[in-house]
Every structure is written in structure tokens, then in C-alpha cells.
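Computed from a prediction, not measured in an experiment: that's the story for all the values here. We name chains A, B, ... by the order of the sequence lines, and we start the count at 1 in each one.
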Number of protein chains: 2
Amino acid sequence: MEAHPKEVTMKSIKRETMSKQVVDQIIELLTSRQLNPGDKLPTEAELTDMLFVSRPVLREALSSLETMGMIQRKTREGTFFSYRIGSKPFSIMLALSAGDIPAVMEARMALELGLVTMAAEKITDQQLEQLAELMHAMSLNTAGYEQIDKNFHRMIAYSANNPILEGSIDALLNMFDKTTNQIAQIDRDHLVTMQQHQAIFDALSKRDPLAAHSSMYIHLSQVRAKLVKPKLR
Amino acid sequence: MEAHPKEVTMKSIKRETMSKQVVDQIIELLTSRQLNPGDKLPTEAELTDMLFVSRPVLREALSSLETMGMIQRKTREGTFFSYRIGSKPFSIMLALSAGDIPAVMEARMALELGLVTMAAEKITDQQLEQLAELMHAMSLNTAGYEQIDKNFHRMIAYSANNPILEGSIDALLNMFDKTTNQIAQIDRDHLVTMQQHQAIFDALSKRDPLAAHSSMYIHLSQVRAKLVKPKLR
DNA sequence: TTAGTTCATTTGTCTTACAATATGATTTAT
DNA sequence: ATAAATCATATTGTAAGACAAATGAACTAA
């Protein structure tokens, strides 16, 4: 008989709520390719029968999925999987970082650096023209300067043509708007900004991913430095 | 009296559901800084009184926020804002792209290229050591090669130290696992992979963001080429 | 003082009922 | 025959009430 019993490590058992289990089962319809984006889901009545849960529990799950942009529910028509997620869900999630400006800035920076690299591979002539127009509008120093600047960045991000990251970048750019509006006007040197934009544009025109990245890195590093200087190691 | 009335453009009016309005009001607590991550929200009973909605509507909103990782609800304790969002919500959202392997690959690529750039600015000596250990483990060609490869990438992404993007990258790496497991074994040339990892590691050691980016770009371009070659412009 | 039991608090689930919305079908008026 | 109005229907949206489950606090007994 041992004086001390063997030490035993046991994992705690956590049962997920019914609502979360319903979410998982509906998502499984997508991952298993039983249903695809755009497809109609069974009605609420059918789903409660199929899944053996009450309607409020099912509605909690469906509301979750709708808030996350995964589905759209229409009275009398039914419930459909979305084609893509917009920016709203990411805006909601970004609210958790509302007090952390450096993190928001660096998240935006990381995302834009990656997207500009991909954009250099696949930007179209039409998109290049649109960028040129935006740059021209900025050179006129019109009233909507900040908005045009934002659209310049947004245009590049969209040129990467990645549906998965579009919602994120939109939410980050929008949040950046709100954040910088609360701080003193940052970009006072339009000339430098436009020169940096030009360098980015030139690299994109050459379809050079590395040059595009380094031009954007220089530009966003300057934006960051004026906004906030994170503590480097 | 004009023969043709003036053309009038009017926007359609859409009233949001009560549940979504509740979500927005709770989020506003964060963006207005009335509450912060970790803080306790009022109880369900209090919220129904404050917001003049029924409990099921409130629960739909709270379920949404919990599935999105924004809050955590505990029986008897109450409801708290999270400190950060894990990978689960992003895994759910990624299910919409389950059929689009190129998009998943390029989303991962864009995210990793941005994060490795930031990581070069701020990686710690300890993190570098951990990377070295992972590389050593990979050189032994052990049974968990793929998992170690994944952890190498994950370690770099974490080194960027950005709470906002951590959940995304985790979900993408995990999804990448699942996707590639369904395809023939891709990485047959461990030697090349390890050399590319070494180049990335060297650039990170020098804390050179541009070199880190270009090394990672070369590496991930190869991974992508073996997985799928997206149609370039 | 400690261990076991009971109670209270808050979230979790269900049933029932009615409301609201949007669309197609039917009826009525021209 | 056609257009407009009305009605019916399908599905989602909201609410009230009741009970269950989980867990920490308070109380009681040893």
C-alpha cells in the first residue's frame, strides 16, 4: 500500500452549450461540402426537428452565424449561406482593441504589407488606372484628402483579390479613420505622402512584389511613427 | 406641368432586428470606453430591463457576441468581456472558403508576409531560440515533421506580438493543415524547405524586415506553387 | 475547525403564443 | 385583358412563463 497515491492528471470536461453545438453542425454542412455559399438552409422548423433542439436555442445559433456574416435570414424566404463576409463582423471584433491604438496600427500595417505584396502579382491595368486617378485627386489637395488617401490604400488591398481578407482590411481602415480623428491631425506633409504613394504605384506598375512591399513598409512606418511609436525590444 | 417627373433616388430603409441593435449597444460600451476587456457586463435580467427587450432577444445578441469570442458567459458568475479573441471564430468564418483553396493559401501568405515583417522588428532572443529548436527538430526528420513546420510558422507569427491578428493566423494555419491533408503529400523536399527556413531565421536574427519578408516570400511562393498555381493576371 | 448540506444567483433550455414581414395567389375594377 | 387591391401563406421575429443546470456562498453538524 503506497503512502502517496500516484499523481493523476485529468482533464476537465466541458460540455458545450446546445447553441454552440448547433453552430458547429451548421458549419459542418459547409466544410463537408454538403452545402455551399449561396445555398439555402433548411427552415427553422425543419432544423429544430432535425437537431432535436428548441427553437430559441436554434435561433441563438442562427443569430450568431448571421452576426458573423455567415448567413442571411429573410422572412418568408428562408436562410442562406453568404457568399462572403463583409466588414461588419470584423468591426465588432475590433472593438475589443478599441483602447490599443498601437495594436490596431500594426495589425493594419501587417495586413497591408502582405496584401500589397500579393497585389503586385495580380493588379489589373484598370486598377492601376484607378490608383492613378486617386493619386491625381490627392495632388489637388481637395477637401476629401483623407478619404481619398484611405481609398488609395483600400484599392491596393482589393487588388490582391482575396475575399477572405477583404472584410478585415475594410474594418481596420475604417477603425483607423475613427482612431485618428480623435487625435491631432497627423499627416501634415502631403508632399512626402504623395511621393511615397508614387513609389508604391511605380512598384505595382512594374509588378514587383518585393519593391511594392518595401515602398509600403517605408510609407506605413512613417504613418506609424507619427501616430505612435511602439516599444521596440 | 412636366411630361416626365424629376427622377428621384431614394434609399431603401432597413430596420435592423432587435437582436442586432442589442449587439451594437453592447459593443458601444467598449468603443466608448465605458467598459474594457475583462470587465463584467450587467446580468441578463438587468440588461433586459435597461434595453427594454425580451430575454430571448437579449440571449440571441449575447450568444452572437460569445460565438465571436467577444464575451464569456459563466453560470452564476455573469458575463465578461474577453481579453482577446481566439482562433475559433475565425475558423468558423473560414468555413465559407472551404471550397476555395487558392484563396485560403493566399490569405495565409499575405498574413504571414506581413507578420514576418513585423516580427523582424520585435522578435525576442527567446523566440529566436525556440525557432532554432524547431528547426533542429525538423532536421531530425521526425514523425511530427508537418506539425513542427506548422509550429515554426506559428512561432514567427506570434513574434509579431499582435493580439488582433493572432486568432486569424491560427485559424488559417489550422485550416491549411486540414486542406493539405486531403491532398497528396506536398512537401517532399525537406532539404529545400529547411534551407528556406534557415534563410528566414537568419533574416529574423539580423532583425531585417525586408530580408525576412523576401525570404518568406520565396518560401511561401514555393509552397503555393506546389499546392496550386493561381491564375495570374 | 472542517466537511457536508442547503440555498441563492445567474446562465441554459424549453414550451407556447402571437407579431411582423415579404411574397405569391386570388379577386376586383377598369 | 390588364392593372390594382386584397387576401393567404411561409418564414422569420419577439415575448412570456416555467423549469433545469452550474456553482459559489451560507449554514449546520460533527
Side-chain angles (χ1 to χ4, degrees), chain A residues 5 10-27 29 35 38-82 88-89 92, chain B residues 5 10-27 29 35 37-83 88-89 92:
Chain A
M10 299 194 71
K11 267 196 176 176
S12 64
I13 296 179
K14 176 152 188 187
R15 194 207 71 166
E16 285 285 33
T17 61
M18 303 297 285
S19 157
K20 282 185 189 152
Q21 291 178 52
V22 171
V23 166
D24 290 341
Q25 293 219 35
I26 293 175
I27 290 301
L29 294 177
L35 291 179
D39 286 352
K40 183 177 185 305
L41 272 74
T43 64
E44 289 183 5
E46 288 164 344
L47 284 168
T48 54
D49 285 346
M50 290 159 64
L51 299 175
F52 297 100
V53 293
S54 67
R55 191 166 164 233
V57 163
L58 178 79
R59 287 190 60 79
E60 285 185 23
L62 291 178
S63 286
S64 295
L65 290 170
E66 189 169 23
T67 307
M68 292 172 89
M70 297 295 295
I71 63 173
Q72 285 169 298
R73 294 187 283 180
K74 296 184 184 180
T75 305
R76 204 179 184 281
E77 287 192 58
T79 302
F80 302 82
F81 277 120
S82 307
K88 179 70 189 288
I92 290 172
Chain B
M10 299 195 69
K11 265 196 176 177
S12 64
I13 297 180
K14 176 153 189 190
R15 194 208 70 165
E16 285 284 34
T17 61
M18 302 297 286
S19 157
K20 280 185 190 155
Q21 290 179 49
V22 171
V23 166
D24 290 342
Q25 293 219 35
I26 293 175
I27 289 301
L29 294 177
L35 292 179
D39 286 352
K40 184 178 185 299
L41 272 74
T43 64
E44 289 183 5
E46 289 164 343
L47 284 168
T48 54
D49 286 346
M50 290 159 65
L51 300 175
F52 297 102
V53 293
S54 70
R55 191 164 165 236
V57 165
L58 178 78
R59 288 191 57 80
E60 285 184 25
L62 292 178
S63 285
S64 294
L65 290 170
E66 187 166 26
T67 306
M68 291 171 87
M70 297 295 296
I71 64 173
Q72 284 166 297
R73 296 187 281 179
K74 295 183 185 179
T75 304
R76 204 181 182 280
E77 288 190 54
T79 302
F80 301 80
F81 277 120
S82 306
Y83 283 102
K88 179 71 188 287
I92 291 173

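The phosphate of C/dG12 has OP1 or OP2 within less than 4.0 Å of a side-chain N or O from B/R73. Applying the 4.0 Å criterion to OP1 and OP2 of C/dT11, one finds that B/T79 has a side-chain N or O inside that range.
In this structure, the NZ atom of A/K20 is 11 Å from the C1' atom of C/dG12, given to the nearest Å. C/dT11 atom P lies 17 Å from atom CD of A/E16, rounded to whole Å. Going from atom CZ of B/F80 over to atom C1' of C/dT10 covers 11 Å, rounded to whole Å. Between the CD atom of A/E60 and the C1' atom of D/dG13 there is a distance of 14 Å, rounded to whole Å. Atom CG in A/L58 sits about 13 Å away from atom C1' in D/dG13, given to the nearest Å. What separates CG of B/L51 from C1' of D/dA15 is a distance of 15 Å, to the nearest Å. Rounded to a whole Å, the CZ atom of A/F52 is 16 Å from the C1' atom of C/dT13. Counting to the nearest Å, the C1' atom of D/dA20 and the CZ atom of B/R59 are 12 Å from each other.
At distances below 3.5 Å, at least one donor-acceptor pair connects side-chain atoms of B/S64 with backbone N or O atoms of A/S63. In this structure, A/T79 contributes its side chain and A/R73 its backbone to no donor-acceptor pair below 3.5 Å. With hydrogens and angles ignored, the 3.5 Å screen pairs no side-chain donor or acceptor of A/T48 with any backbone N or O of A/R55.
B/L47 and B/P42 make their closest contact through CD1-O, 3.5 Å (heavy atoms, listed as atom of the first residue, atom of the second, distance).
By the 4.5 Å heavy-atom criterion applied to side chains, A/T43 and A/K40 are counted as neighbours. Taking the side chain as every heavy atom from C-beta outward, A/F80 and A/L35 never approach each other to under 4.5 Å. Side-chain contact between A/T67 and B/T67 is absent, with no heavy-atom pair separated by less than 4.5 Å.
The side chain of A/M18 has C/dT13 as its nearest neighbour among D/dT14, C/dT13, C/dG12.
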Distances under 3.5 Å between protein N/O atoms and the N/O atoms of nucleotides 15-22 of chain C, please, pair by pair.
{"from": "C/dA22", "atom 1": "N3", "to": "A/R76", "atom 2": "NE", "distance (Å)": "3.4"}

